[in-house]
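Just so it is clear: chains get the letters A, B, ... in the order the sequence lines come, proteins before strands, and each one is counted from 1. Keep in mind that this is a model prediction, so the values were computed, not measured.
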2 protein chains.
Amino acid sequence: MARVAAGPEIERLIQLLARLPGLGPRSARRAALALVKKKEQLLGPLAAALAETRDTILTCEVCGNIDTASPCTLCRDPARDRSMICVVEEVGDLWALERAGVINGLYHVLGGTLSPLDGVGPDDLSIAKLIERARGGQVTEVLLALNATVEGQSTAHYLMDRLAGSNVTVSRLAYGVPIGGELDYLDEGTLAAAVKARKAM
Amino acid sequence: MARVAAGPEIERLIQLLARLPGLGPRSARRAALALVKKKEQLLGPLAAALAETRDTILTCEVCGNIDTASPCTLCRDPARDRSMICVVEEVGDLWALERAGVINGLYHVLGGTLSPLDGVGPDDLSIAKLIERARGGQVTEVLLALNATVEGQSTAHYLMDRLAGSNVTVSRLAYGVPIGGELDYLDEGTLAAAVKARKAM
């Protein structure tokens, strides 16, 4: 066991920081030092922001988004198209689509993908609620914006089956060459999908 | 400007997290999501740890280490060899040496390196205090454990000149091949230093 140069408070802070995605034990140590060095500009405000988030954050009971109100800002927005639900795996995906500003409908966060091997079945995801929303009458399109991974796609197929009986159009994102992508660096699967879905110019 | 999917509290938290070293805007977003997802296990404890650090942390008035007491735990430790001072650039370097458990003396944190181009002169670093400590009578060795960079080494030379009049031995860390290092991947400077300082077996 290495000797400890800093007090137990700092060691505890480092251990907690190391549990954030993207930070390991070494970078957590550097982050802790940066925090202590910028006590007024960074440590204080971050402590306050975390405390405020802890006290105010909620999961939207309608769509599963994270906000300080439930239903969330997006679900309450009267300007949004209530005939379309965009289904995503995680809240991070919802945020990414919102940053792109391409979805004017509502969202639905599944909370993951089906994974029988890991014991994640339909009841572990927010699927029943999605079916209920899709059958609510207002909805005409469900866009399955799931990751282009095996898990994402098998979940999408499961959802398509479940939604088959209802009166909604089920769509998925297009596959192809990403904008700015160089063919030389793309995998065969992407290239095959891009060729298969080619468009007349 | 992209539309904001989360409330202003979350956006503020993301902005603050993005200012930590090792985290960019994208990973800060992921970190914020991880915090919100693990509200009880991570967000709460981290908020508390940051608040406690903010309220208790001090810079040691003797050596410049960071601790909840001043003089710090290391400076107060009666088991430490008071005849040796190990000089480091930053608190992170002190922590690294303590983790290795190889220094049984005291430390002195300079707070950086001399850099005339950036306007960092001797008065901007904790140099006067170091000279005063070195001349205190108890000290017989000053180990300059500065980085093996141009800035670190020119600072080391400056300190050697300043300490020349006092009755202390000034030493520096050895240069050579790092443990586990493969020659093929090492730079010419390191290899040259390792050859120059070769030892009889």
Side-chain angles (χ1 to χ4, degrees), chain A residues 2-10 12-13 15-17 19-24 27-39 41-54 56-57 59 65-69 72-74 90-92 94-101 107, chain B residues 2-10 12-13 15-17 19-24 27-39 41-54 56-57 59 65-69 72-74 90-92 94-101 107:
Chain A
R3 286 185 287 181
V4 171
E9 297 85 357
I10 294 266
R12 171 136 183 79
L13 176 61
Q15 277 169 21
L16 288 166
L17 286 171
R19 289 173 55 194
L20 291 177
L23 287 184
S27 45
R29 213 165 275 279
R30 277 198 295 131
L33 268 174
L35 282 166
V36 168
K37 275 195 166 182
K38 298 185 191 158
K39 195 172 152 181
Q41 310 99 293
L42 194 50
L43 203 165
L46 185 57
L50 282 169
E52 195 182 354
T53 303
R54 177 194 57 201
T56 60
I57 209 75
T59 298
N65 186 20
I66 281 164
D67 203 339
T68 48
C72 71
T73 318
L74 300 180
E90 300 287 355
V91 175
L94 186 164
W95 291 4
L97 286 166
E98 273 303 288
R99 280 202 299 284
Y107 287 93
Chain B
R3 287 185 287 180
V4 171
E9 297 85 358
I10 295 267
R12 170 135 184 80
L13 176 62
Q15 277 168 23
L16 287 166
L17 287 170
R19 288 173 54 193
L20 292 177
L23 287 184
S27 44
R29 212 165 274 280
R30 275 198 297 131
L33 267 175
L35 283 165
V36 168
K37 273 195 169 182
K38 298 182 190 159
K39 195 171 153 181
Q41 310 100 294
L42 194 51
L43 204 165
L46 185 58
L50 282 168
E52 195 182 353
T53 304
R54 177 194 58 199
T56 59
I57 208 76
T59 300
N65 186 19
I66 282 165
D67 202 340
T68 48
C72 72
T73 318
L74 301 179
E90 300 286 356
V91 174
L94 186 164
W95 289 5
L97 286 165
E98 273 304 289
R99 279 202 300 284
Y107 288 94

Quiz prompt | Top contributor to chain B contacts, counting heavy-atom pairs under 4.5 Å, from A/Leu13, A/Leu17, A/Thr59, A/Thr56 | solution =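 Answer, by heavy-atom pair count under 4.5 Å with chain B: A/Leu13.
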How far apart are the closest heavy atoms of [X] and [Y], and which atoms are they?
{"X": "A/Ala49", "Y": "B/Leu16", "value": "CB-CD1, 3.7 Å"}
{"X": "A/Glu9", "Y": "B/Thr53", "value": "O-OG1, 4.3 Å"}
{"X": "A/Ala51", "Y": "B/Ala47", "value": "N-CB, 3.9 Å"}
{"X": "A/Leu50", "Y": "B/Leu43", "value": "O-CD2, 3.1 Å"}

Quiz prompt | Contacting region of A/Val91 [heavy-atom separation from chain B under 4.5 Å] | solution =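 Both backbone and side chain.
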Quiz item: Where on A/Glu52 is there a heavy atom nearer than 4.5 Å to chain B: the side chain, the backbone, both, or neither?
Solution: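 For A/Glu52, the side chain is the part near chain B, not the backbone.
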Quiz item: Of B/Arg30, B/Arg29, B/Lys37, which meets salt bridge (charged side-chain N to carboxylate O under 4.0 Å, His left out) against A/Glu90?
Solution: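 With A/Glu90 as partner, B/Arg30, B/Arg29, B/Lys37 yield a single salt bridge (charged side-chain N to carboxylate O under 4.0 Å, His left out), made by B/Lys37.
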Self-check item: Residues which pass side chain to side chain contact (heavy atoms under 4.5 Å, CB included) with A/Lys38, listed by chain and number, not counting sequence neighbours
Solution: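 By the side chain to side chain contact (heavy atoms under 4.5 Å, CB included) rule, A/Lys38 matches A/Gln41, A/Leu42.
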Quiz item: Can you list the residues that meet the side chain to side chain contact (heavy atoms under 4.5 Å, CB included) rule with B/Gln15, with sequence neighbours excluded?
Solution: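 None.
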Self-check item: Pairwise distance CG(B/Leu20) to CG(A/Leu20) - rounded to 0.5 angstrom
Solution: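 These two atoms lie 8.0 Å from each other.
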Exercise. Could you check B/Asp67, B/Ile66, B/Thr68 and say which one makes a side-chain contact (heavy atoms from CB on, under 4.5 Å) with A/Ile10?
Key: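 Per the side-chain contact (heavy atoms from CB on, under 4.5 Å) rule, the option paired with A/Ile10 is B/Ile66, out of B/Asp67, B/Ile66, B/Thr68.
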Exercise. Among the options B/Gly22, B/Ser27, B/Ala69, B/Pro21, pick out the one with the most heavy-atom pairs lying under 4.5 Å from chain A.
Key: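 Answer, by heavy-atom pair count under 4.5 Å with chain A: B/Pro21.
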